[in-house]
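To start, the structure itself, in structure tokens.
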Amino acid sequence: MNNESDHLSDKFIVANVLNGKIQDFALIVKGTEKLVTQIVKKMVFDEDDQKDLLQDIYLKAYQNLASFQFKSKLSTWVGNIAYNTTINHLQKKKIPIYDLETASGNASKETENPEVEAIQTEAVDILTVEIANLPPLYQTLITLYHLEELTNKEIAQITNLPEGTIKSYLFRARQILKEKINQHYKRNDEK
Amino acid sequence: MKNSSHLSDEALQSYLLKEIQDDSLIVEHLEACSKCQKRLEEYQVVIKNVQKIEPEGFTFDVSALVMNTVTVYEKRKSRRQEFAFWGVLILLVLGISFFSLPFLPAVFKLFFSGSGLITLLAIGVGLGVFLFLLTDIIRQNQVKEGKIFKNNLQPMS
Ligand SMILES: [Zn+2]
């Protein structure tokens, strides 16, 4: 869309906040909230932890605002802070970030539940559940790419991962989702 | 047309996401191969439906939570700066007093030798300067606080 005007208003808002108009920081929060929410929510599930992380992320953004160089979109920069803070949190708690083994274990547990299965007939619903069963990083990447519609380059800036790595994770994730959908429909056909 | 190998999953995904500039070979294969056509349709279902998922938000108000944190942080910071300012000021006054101690007897002698009027004048001027500086400091502080907190976003109680 109009990146140029986005960029200009980013500059304007940042300058205002740095000049002491603290209430303008609310505009930065409003503009980045959706993205940050997706990153935090896809990787951390405890509400208290989520709240701590959100406060941590935005306080860091506020304290380091003067160091923002406008080399990326402001939302990408805040997204990067959100991603790093969340990953640090997971590492501290020793939660695996891209371990597909444990995740597929969870997935089969979930789909063995006949009640859950009976309700999910729409592909969207099946996918919602199956995405939630992916490892945190895969969930985040799928969400950023397909739901937030970010480019590989923007996702690379947020996650500090090479674009090739992001592409191959996304590929694996879609492959898994396709298999899960096939399994689901096959099982339903047999009934 | 040779049909020695089927399309890879990578190729199918890239084709669907329009990441391949020249996809004529893929199109050609898909037209001839129903098996790959079916696999393509399966990926189509995945990608189309993933995009349909509504991103979920939090049940709590993120803006309010975050702005409260930032406002509290900013208030604490300005309080710290205030403490530092007064600390430096007090140290300065104490330092000056300490170093001027040896000169006090001479100054007193000056006052007592002169008339009462001069003494009053000296005290008056000193007091005037002091009051002027004090009001100026207070006024500046109010302007600064007003700038930060007046407009809105008082922390929630
Ligand atoms: Zn084929």
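Quick caveat: nothing in here was measured; it's all calculated off a predicted structure. Side chains are part of it too, since the values below use all heavy atoms of this structure and drop only hydrogens, waters and symmetry mates. Convention: sequence-line order gives letters A, B, ...; per-chain numbering from 1.
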Find out if a path of hydrophobic residues (ILVMFWY) with successive side-chain heavy-atom gaps under 4.5 Å connects A:Phe70 to A:Leu35.
yes
Under 4.5 Å from any heavy atom of chain A - which part of B:Thr59
side chain
Should we say atom CZ of A:Phe12 is surrounded by more than 12 heavy atoms from elsewhere, each under 6.0 Å from it?
no
Which pair of non-hydrogen atoms, one from A:Arg174 and one from B:Val46, has the smallest distance, and what is that distance?
O-CG1, 4.4 Å
Side-chain (B:Glu42) to main-chain (A:Lys178) donor-acceptor, under 3.5 angstrom
no
Would a single hydrophobic cluster contain both A:Val124 and A:Ile126, if residues Ile, Leu, Val, Met, Phe, Trp and Tyr are joined by side-chain heavy-atom contacts under 4.5 Å?
yes
Taking every heavy atom of B:Pro55 against every heavy atom of A:Lys34, the minimum-distance pair comes out as CG-CE, 4.5 Å
A:Ile57 portion near chain B, given a 4.5 angstrom heavy-atom threshold
neither
Inter-residue atom distance A:His146.NE2 - B:Ile47.CD1, 0.5 Å rounding
5.5 Å
Which of the residues A:Leu177, A:Asn182, A:Thr143 is involved in the greatest number of heavy-atom pairs with chain B at under 4.5 angstrom?
A:Asn182
Hey, which of A:Lys167, A:Lys42, A:Glu149, A:Gln63 has the most heavy atom pairs under 4.5 Å with chain B?
A:Gln63
Please report the C-alpha distance between A:Asn152 and B:Glu19 in whole Å, then the side-chain angles of each, then the deciding distance to 0.1 Å, and finally whether the side chain to side chain contact (heavy atoms under 4.5 Å, CB included) criterion is met.
CA-CA 11 Å; A:Asn152 277 333; B:Glu19 287 174 347; 4.3 Å; yes
Of the listed residues (A:Val36, A:Val29, A:Leu127, A:Ile142), which shares the most heavy-atom pairs with chain B below a 4.5 Å separation?
A:Leu127
CZ (A:Phe25) and CE (B:Met67) are apart, to the nearest 0.5 Å, by 7.0 Å
Show which side-chain atoms of residues 93-108 of chain B pair as donor or acceptor with protein atoms under 3.5 Å away, not counting sequence neighbours.
{"from": "B:Ser97", "atom 1": "OG", "to": "B:Val93", "atom 2": "O", "distance (Å)": "2.5"}
{"from": "B:Ser100", "atom 1": "OG", "to": "B:Ile96", "atom 2": "O", "distance (Å)": "2.8"}
{"from": "B:Ser100", "atom 1": "OG", "to": "B:Ser97", "atom 2": "O", "distance (Å)": "3.0"}

Quick one: closest heavy-atom pair of A:Leu147 and B:Val50, and the distance?
CD1-O, 3.5 Å
Residue A:Gln38 versus chain B: region with a heavy atom under 4.5 Å
side chain
From B:Asp9 atom CG to A:Phe171 atom CZ, the distance as rounded to the nearest 0.5 Å:
5.0 Å
Give a yes or no on whether the backbone of B:Phe58 and the side-chain of A:Gln50 come within a donor-acceptor separation of less than 3.5 Å.
no
Taking A:Ile39 as the starting point, is it possible to reach A:Phe45 by hopping between hydrophobic residues whose side chains are less than 4.5 Å apart?
no
Common cluster, A:Val40/B:Phe60, ILVMFWY with side-chain heavy-atom separation under 4.5 Å
yes
Nearest atoms (heavy-atom pairs only) where A:Ala123 meets B:Val45
CB-CG1, 4.1 Å
All heavy atoms of A:Leu54 vs all of B:Val66, minimum pair found to be O-CG2, 4.0 Å
Side chain to side chain contact (heavy atoms under 4.5 Å, CB included) assessment of B:Tyr43 paired with A:Ile181:
CA-CA 10 Å; B:Tyr43 270 122; A:Ile181 283 232; over 6 Å; no
Is chain B contacted by the side chain of A:Thr128, its backbone, both, or neither, given a heavy-atom distance below 4.5 Å?
both
Heavy-atom proximity to chain A below 4.5 Å, by part of B:Glu56:
both
Measure the spacing between OG of B:Ser63 and CD1 of A:Ile28 and express it to the nearest 0.5 Å.
11.5 Å
Can you tell which part of A:Tyr145 gets under 4.5 Å to a heavy atom of chain B, answering side chain, backbone, both or neither?
side chain
Kindly indicate, with the supporting measurements, whether the criterion side chain to side chain contact (heavy atoms under 4.5 Å, CB included) is fulfilled by A:Leu59 and B:Tyr73.
CA-CA 8 Å; A:Leu59 197 56; B:Tyr73 165 79; 3.7 Å; yes
Roughly how far, to the nearest 0.5 Å, is the OG1 atom of B:Thr69 from the OH atom of A:Tyr62?
12.0 Å
